[in-house]
Amino acid sequence: MQEYFVDLHIHIGRTKSGRAVKITGAKSLTFSNIIRHARDYKGLNMIGVIDSHSPEVLDEMEDLLEAGELQEHPEGGLHYGGMSIILGSELEINDESTQGPIHVLCYLPTLKTMRAFSRWLENHMKNIHLSSQRVYIAGLVLQKKVKELGGIFIPAHVFTPFKSLYGKGVKNSFSEVFDADLIDGIELGLSSDTKMADQLAELHRYSFVTNSDAHSLAKIAREYQKIEMAEPSFRELELALKQAEGRGIRANYGLDPQLGKYHRTVCAECLAYNPVYGEACPECGSVKQIKGVADRIQELRTSEGNQNVRPPYIHQVPLEFIPGLGPKMLEKLMDHFGTEMAVLHSVPLDSLKQVIPERTAVTIDKARKGQLAFHAGGGGKYGKITD
């Protein structure tokens with residue numbers, strides 16, 4: 001068994017031809033750029049490309065297979081010179097059983113099964129080329145199709161105020177929309193962590209995943225996990241999510257929830273902090289609010305916590321959040337230490353001090369030890385480091 005760094009939610013911004021996939025994604029976020037950046041710059045061992053259903057993305061993957069740059073793993077996934085690529089699709093459901101739109105992540109084991117999934121989706125959505133599109137079917141129908149193709153089904157960023165399971169989709173429980181036995185894991189999102197999510201008893205049975213939801217190359221691996229597997233393949237990932245046969249998630253690395261964009265409840269007009277949901281904003285008087293993840297979880301709370309042993313949730317501060325650490329300084333770190341994973345996990349403080357200013361090096365070290373203070377984010381605005 002070995003441990004691997006894994007980020008399972010990375011978007012495609014544009015295809016090789018320049019066609020938009022994730023409209024809000026960076027133009028540089030092409031499949032070829034993603035796999036190089038994730039492996040060589042970020043230091044990841046497995047990634048999930050979450051717009052793999054888009055036909056031109058599939059075409060590019062097949063071209064790289066023919067060129068010998070990619071290989072199909074016999075146990076599922078693609079192999080790219082030491083890094084595994086899991087083919088995924090983020091989709092939106094919003095039918096008569098939901099209270100509002102819900103985003104879900106569907107992963108398929110092979111190019112053949114993803115191509116079949118893409119053809120099936122084309123009959124149930126308006127534009128097969130775009131990311132995060134609404135599928136005009138029930139959640140249960142989508143779950144069953146994913147399972148029919150041997151896939152993995154995970155509700156995405158489940159607490160965010162917009163387009164998520166608990167943020168908009170259900171009143172109280174996922175059982176209003178989904179079959180509990182056909183869920184393989186729960187993606188927490190940037191504004192929550194394990195301790196917060198485990199206040200919902202119905203989530204205790206599932207592994208939690210922490211992914212970047214990257215819309216640019218820089219955002220890759222802002223959240224990720226360390227997974228113990230025999231090798232980086234689709235089937236091994238499936239076993240790890242089930243905590244089966246010695247496989248499993250060994251640590252979650254995510255933003256401190258206060259750094260997330262939707263941690264606290266704020267005024268929808270001026271984004272002033274407004275801790276009492278339903279009351280007028282003390283700054284501008286508006287009664288419109290964006291409910292924070294922390295407050296929504298308190299509404300849904302059914303448990304004091306999970307009695308089962310969870311892997312540690314390590315509050316990770318991505319290097320892009322470190323004050324004073326600009327592109328040139330970041331490039332110096334990469335030149336000396338190779339990857340962001342190395343800087344975040346293994347480079348000693350004294351070595352950092354030899355490359356970048358001591359104050360910045362100390363801030364990175366404090367971030368690794370969980371010793372920083374934050375100003376909480378909300379309403380779509382990230383939190384900030386104050387220490």
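If you read the sequence from its start, that first residue is 1, and numbering goes on from there. Hydrogens, waters and symmetry mates play no part in the numbers below; they use all other heavy atoms, side chains included.
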Using side-chain heavy atoms (C-beta onward) and a distance below 4.5 Å, is [X] in contact with [Y]?
X	Y	value
I10	I50	no
L70	H79	no
K22	I12	no
M46	I86	yes
I356	L333	yes
L239	E236	yes
E72	L111	yes
D193	N252	no

Checklist entry - Which one of D51, L78, T113 satisfies the side chain to side chain contact (heavy atoms under 4.5 Å, CB included) criterion with L87? => result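 When D51, L78, T113 are each tested with L87, the side chain to side chain contact (heavy atoms under 4.5 Å, CB included) holds only for L78.
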
Got a donor-acceptor contact below 3.5 angstrom from the [X] side chain to the [Y] backbone?
X	Y	value
S192	L188	yes
K144	E148	no
H37	N33	no
Q133	S131	yes
H73	E75	yes
T210	Y224	yes
E92	I102	no
S207	L241	yes
Q371	A367	no
S212	I220	no

Next on the checklist: Check for me whether the distance between the ring centres of F159 and Y262 falls short of 6.0 Å.
Outcome noted: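 Not close enough - the centres of the two rings lie 6.0 Å or further apart.
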
Item to check | Test log, rule salt bridge (charged side-chain N to carboxylate O under 4.0 Å, His left out), inputs R235 and E238 | outcome: CA-CA 5 Å; R235 293 304 170 203; E238 196 171 35; 2.7 Å; yes

Checklist entry - For the residue pair Y253 and F5, does the interplanar ring angle fall in the parallel (under 30°), tilted (30 to 60°) or perpendicular (over 60°) class? => result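 Plane angle over 60°, so perpendicular.
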
Item to check | H124 and W120 aromatic ring geometry - parallel, tilted or perpendicular at 30°/60° bounds | outcome: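 W120 and H124: tilted rings.
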
What are the two closest heavy atoms between [X] and [Y], and how far apart are they?
X	Y	value
P257	H315	CD-NE2, 3.5 Å
Y80	R36	OH-CG, 3.1 Å
L108	G151	CD1-CA, 4.1 Å
K168	P161	CG-O, 2.9 Å
S17	E56	OG-OE1, 2.7 Å
Y107	L8	OH-O, 2.6 Å

Next on the checklist: With side chain to side chain contact (heavy atoms under 4.5 Å, CB included) as the criterion, how do C270 and C281 come out once you've worked through the C-alpha distance, each side chain's angles and the decisive distance to 0.1 Å?
Outcome noted: CA-CA 9 Å; C270 71; C281 173; 3.7 Å; yes

Assess the side chains of [X] and [Y]: does a donor N or O sit below 3.5 Å from an acceptor N or O?
X	Y	value
S173	S175	yes
T265	Q289	no
S89	H53	yes
T363	T360	no
Q199	Q298	yes
E176	S97	no
N94	T98	yes

Checklist entry - What do the steps show when you test I249 against Q243 for side chain to side chain contact (heavy atoms under 4.5 Å, CB included), and what is the final call? => result CA-CA 7 Å; I249 296 173; Q243 305 288 335; 4.2 Å; yes

Item to check | L64 CG to S32 OG distance, which is reported to the nearest 0.5 Å | outcome: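 Reported to 0.5 Å precision, the distance equals 5.0 Å.
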
Next on the checklist: To the nearest 0.5 Å, what is the distance between CE on M1 and CD1 on I227?
Outcome noted: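 Taking CE in M1 and CD1 in I227, the distance rounds to 12.5 Å.
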
Checklist entry - Per the side chain to side chain donor-acceptor pair (under 3.5 Å) rule, which among H103, K219, H9 passes with D213? => result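 Among the candidates, only H9 passes.
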
Next on the checklist: Testing K226, R250, R247 one by one against E3 for a salt bridge (Lys or Arg N to Asp or Glu O under 4.0 Å), which residue passes?
Outcome noted: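 Single salt bridge (Lys or Arg N to Asp or Glu O under 4.0 Å) partner of E3 among K226, R250, R247: K226.
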
Item to check | Test log, rule salt bridge (charged side-chain N to carboxylate O under 4.0 Å, His left out), inputs E60 and K16 | outcome: CA-CA 7 Å; E60 184 174 355; K16 185 170 64 173; 5.7 Å; no

With the 4.5 Å side-chain cut-off for hydrophobic clustering, are [X] and [Y] part of the same group?
X	Y	value
L237	Y206	no
L349	L319	no
Y4	Y313	no
V158	F153	yes
V146	L105	no

Item to check | Stepwise side-chain hydrogen bond (donor to acceptor under 3.5 Å, both in side chains) check, H11 with E90 | outcome: CA-CA 9 Å; H11 282 285; E90 183 173 28; 3.0 Å; yes

Item to check | Derivation and outcome, side chain to side chain contact (heavy atoms under 4.5 Å, CB included), residues N211 and E223 | outcome: CA-CA 5 Å; N211 301 311; E223 295 204 342; 5.6 Å; no

Checklist entry - Is it true that atom NE2 of H129 has more than 12 heavy atoms of other residues, nucleotides or ligands lying nearer than 6.0 Å? => result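 Correct, the count exceeds 12.
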
Checklist entry - Are V6 and I47 close enough, and set up right, to give a side chain to side chain contact (heavy atoms under 4.5 Å, CB included), and what steps lead you there? => result CA-CA 6 Å; V6 179; I47 62 170; over 6 Å; no

Next on the checklist: Run the salt bridge (charged side-chain N to carboxylate O under 4.0 Å, His left out) test on R134 and D95 for me, step by step, so that the C-alpha distance in whole Å, both residues' side-chain angles and the decisive distance to 0.1 Å come before the verdict.
Outcome noted: CA-CA 10 Å; R134 181 167 297 177; D95 63 7; over 6 Å; no

Checklist entry - Should R115 and D59 be marked as a salt bridge (charged side-chain N to carboxylate O under 4.0 Å, His left out) after you check the CA-CA gap, both sets of side-chain angles, and the distance that decides it? => result CA-CA 10 Å; R115 184 73 81 173; D59 291 344; 2.9 Å; yes

